[in-house]
Each structure stands twice: as structure tokens, then as C-alpha cells.
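All values below were derived from every heavy atom in this structure, side-chain atoms included, with hydrogens, water molecules and symmetry-related copies excluded.
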Amino acid sequence: MKSGSQRKAVVVGGGIAGLCVARELALRNWKVVVFEDPAMGPASRAATGLLQVAGGRISAVHLALRQHCRKGYDAFLLSLNEALGLDSPLALNEVGHFRLTAEQNKLPSLQSFASTLRGLGVEAEFLDQQELWAIEPSLRELAVGAVRLKDATVESERLLDGLEQHLTALGVPTVPTAVFGVEDGGVSLQGGQRVDADAIVLACGAGLSKIWNPVGWTAREDPGWRLSFQGELDLCHSVEWSLPQNAGGTLVPTSERGWWVGGSGNPAPEELELEPGLASLCGKGAQVARHDGVRMTVDDGLPVVGSVADFKGLYLLTGLGRNGLLTAPVLARGLAEIIHTGDVPDWLQPFGPGRPQIGSRRPWSR
């Protein structure tokens, strides 16, 4: 550890991961600068704000990480609220979540999914159509069954704006410049400019391979999107359904009684034609914005967090996939401790860049 001078860090990526690790390092008295490629746009801005502990691909390792991150979320928001002194504090909205099906022949797979989740210790309940309609009569035209999960949402744009405000207060600039490569002790920018640093954190997710290409990894970049609407919404739960383009879609009520529709896979059309059942829920809401982003996931589906062997001062916080809003605050705090002290906490060991299973196939998925 250096003494007598402030250590410097460069963070590449201005999404939830980059902002969180920049904040954690600044709070540890590091001099930090964040570089964000203006041509990319962080996938975090396309997130619907759903913190799905049991969403997407899951295994015991995934679940333990997400549960750990979920338990720490209230403390994370509290510390950010205290730093910013917001009149309207950031808070979690505890909601239920339905994974729907409109096809009778898919009910057995939903039952199996609920059973598998319960085996992993997740509260998951299968509902047939009568049970579902009794809870949410507005779904009568849309679904014949569902799995009900506990869930929570956070206003993602307010969260990102809040992190940026706190970084500004901490003296951390966010520079809209692309990083073209990493070198020993620094990064290279457009025009050949070099910025020296004691630590370089690649938290850029999509676009990582343009800066540094890890050997032996197979990573996938998934387009994500969100359409923002305003209007009355006759629904209290978030719902997940299938889109005609064979991409997943999720409708999330917001605190303003507007709603977001988001998904991954093939991008949604500019004018999303909702299925009749969803259209009846959403009334005549007007589209007010569209957001797009690209997320990166490595083969085993787990995040990549830690130092890169044989490359002094280079660290990764990437591969968060669809769970970035949920996992980034805790993973960033763990990575900041690694950078600051040189010690790797036991709970972060499974996510290191040198793990042997990083190129293996993903674990169980629904």
C-alpha cells in the first residue's frame, strides 16, 4: 500500500457497476475518474428496476449471491440518501411478481419451475387460473396460470442520477470519452492520450472486448430495452410474459402510476403492440421514452469480479447480465476492498477472473 500520496483509479464504464465502484473507492480516499463511452450508453439506463432474486438463470451460487445482495440493499440506499439529503428518498417498492402463461400445455413446466425454486429455498407458489384470477382479476384475459414470487423494484434512473450526484460531490468526474486499451499503469484514450493510474477497473460490460480481450472466455452480449409509458395501470404486480419476437418481456408498475415494459433478446419495435390482454391492462397510456442497452454475460452466468493475474493494477467488475441493479452495489464494495487492501473476501472467491469454470456451461435454467 502506498503512503504519503493519494492513490489514483480509473474506472471504465458509467453504468451501475462503474458508478458504484467509483463511489466506494472515493469513499476510501482514492482519486477516481470515470470514463464512459458516449457511443455505448450504459445498459443500466434501460433497466426496468426489477430486483429479481429468482429471475433468469439460477443455481445455488447465483441464489446465494442475489440473496446476499438483496439483504444489503436497504443499507446501500440509506447511505446514498444520507449523502444526498434527498427530499424524496430512494426506496425499494416491495411488489409481487407473476410469471405468466396463456397456454394450458405449459402449466406443468410452470409447476416444475416453482417446485425447483422451492428446492433452492425460494418462496415460489404455483397458481392455477382460478387462484390467479382471484388475486388479479385484470389478468383474466391474459393468463391461465402463473408462478408468484416475492420481488422488489427501485427507480433505476433516479438511482443512477443519485450516484452521479454523489460522485460529483466527492470530486469524481465522469468523462465522456472512449478508452481504447489498457497498459501497464494506465489506459489509452482517443488521440493517443494516456492516463496513469494505480488501479484500472473495467466495469464496462458490453464493449469490454474492444479494450481488453480475455483469453479462454466465451461471453455473450444481450440487447436489452425499455419502453416508458404514462397512464393508469390496473395492476399491482409486475408480470413477465412472452413476446412474439421470442424475447422475454416484463411489465413493471412505477411509483408514478406509469409503467415500463422491458425485455431482452431481439429489440422491441418502436411502437410496441401489446397483446390484447396487456393492452386492456394499460389502457391508453402514451409512450414517453425508449431506452436501449447491451449487457454482457460469461458462459457460467456468474459475474466476474477481481484482479487479473499477470496484469498489475487491472481489475474487472463485469458479466453482471440482467442482475446488475441488484448485485452491483455489493460486488462493487467487495472489489473496492480488494483494490484497497489486497485481500479477497471468501464470499468473492467464486467470482474471480481466474476461476477454472469460467468457460463452462451455465447451470440450471428454467
Side-chain angles (χ1 to χ4, degrees), residues 13-23 36-37 40-58 62 65-66 69-70 72-73 76-77 80 90-95 97 99 149 151-165 174 203-207 220-230 237-241 243 247-256 258-268 272 287-297 301 303 317-332:
I16 184 72
L19 296 179
C20 282
V21 75
R23 176 175 178 260
E36 171 63 22
D37 185 348
M40 294 294 293
S44 312
R45 294 274 177 189
T48 58
L50 195 60
L51 306 182
Q52 284 191 301
V53 172
R57 298 179 181 273
I58 195 170
H62 285 89
L65 171 64
R66 295 176 194 173
C69 293
R70 176 64 183 85
Y73 222 87
F76 162 65
L77 291 180
L80 188 57
L90 287 160
L92 291 180
N93 178 29
E94 302 284 350
V95 297
H97 179 71
R99 189 157 297 155
L149 303 164
D151 230 322
T153 63
V154 64
E155 293 181 76
S156 55
E157 289 194 85
R158 284 193 66 215
L159 173 59
L160 293 167
D161 290 343
L163 286 168
E164 289 179 347
Q165 291 172 31
T174 298
C204 42
R220 190 181 76 227
E221 294 186 354
D222 294 323
W225 50 267
R226 187 187 86 213
L227 300 177
S228 302
F229 292 76
Q230 203 73 26
H237 295 72
S238 60
V239 296
E240 186 174 341
W241 78 101
L243 288 172
T250 304
L251 186 150
V252 182
T254 68
S255 58
E256 292 85 6
W259 39 284
W260 293 342
V261 177
S264 59
N266 298 324
L272 180 65
Q287 180 178 330
V288 295
R290 175 184 169 124
H291 304 264
D292 295 277
V294 181
R295 304 169 296 197
M296 193 190 83
T297 308
L317 178 55
T318 188
L320 276 60
R322 66 182 289 180
N323 298 112
L325 280 180
L326 172 62
T327 60
V330 168
L331 292 175

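Atom CZ of R226 and atom OG1 of T250 lie 13.0 Å apart (nearest 0.5 Å). Interatomic distance, CG of L149 versus CZ of R99, reported as 6.0 Å (0.5 Å rounding). A distance of 10.0 Å separates CG in D151 from CG in N93, rounded to the nearest 0.5 Å. With rounding to the nearest 0.5 angstrom, the CG atom of L19 is 6.0 Å from the CG atom of L160. Distance check, rounded to the nearest 0.5 Å: SG of C69 to CG of L325 gives 11.5 Å. Considering CZ of F76 and CG of L90, their distance stands at 8.5 Å, rounded to 0.5 Å.
Nearest heavy atom pair, residue A43 against residue R295, reads CB-CG, 3.5 Å. For the residue pair C20 and L163, the shortest heavy atom distance occurs at SG-CD1, 4.0 Å. The two atoms that bring P329 and G324 nearest to each other are CD-O, 4.3 Å, heavy atoms only. Summarising the geometry of G224 relative to A46, their closest heavy-atom pair is O-CB, 4.2 Å, with the distance given to 0.1 Å. Among all heavy-atom pairs drawn from E94 and A152, the shortest one is OE1-CB, 3.9 Å.
In this structure, the side chains of V252 and V95 stay at 4.5 Å or more apart for every pair of heavy atoms. In this structure, D292 and P223 have side chains that are not in contact, with every pair of non-hydrogen atoms separated by 4.5 Å or more. You'll find the side chain of V330 stays beyond 4.5 Å of the side chain of L65, heavy atoms only. Contact of the L326 side chain with the Q52 side chain is not registered, since no non-hydrogen atoms from C-beta on lie closer than 4.5 Å.
Checked against ring pair (Phe, Tyr, Trp, His ring centres under 6.0 Å), H237 has the following partners two or more places apart in sequence or in another chain: F98. Among residues two or more places apart in sequence or in another chain, the salt bridge (Lys or Arg N to Asp or Glu O under 4.0 Å) test is passed with E36 by none. With sequence neighbours left out, S238 forms a side chain to side chain donor-acceptor pair (under 3.5 Å) with H97.
Tested against I16 for a side chain to side chain contact (heavy atoms under 4.5 Å, CB included), the candidates V21, T327, L159 yield a single pass: L159. Here the options are R23, R45, R158, the test is salt bridge (Lys or Arg N to Asp or Glu O under 4.0 Å), and the partner is E164; only R45 passes.
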Working note: E155 + D161, criterion side chain to side chain contact (heavy atoms under 4.5 Å, CB included); need CA distance, chi angles, decisive distance, verdict. CA-CA 10 Å; E155 293 181 76; D161 290 343; over 6 Å; no
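Using modelled atom types, one side-chain atom of E221 and one backbone atom of G207 make a donor-acceptor pair closer than 3.5 Å.
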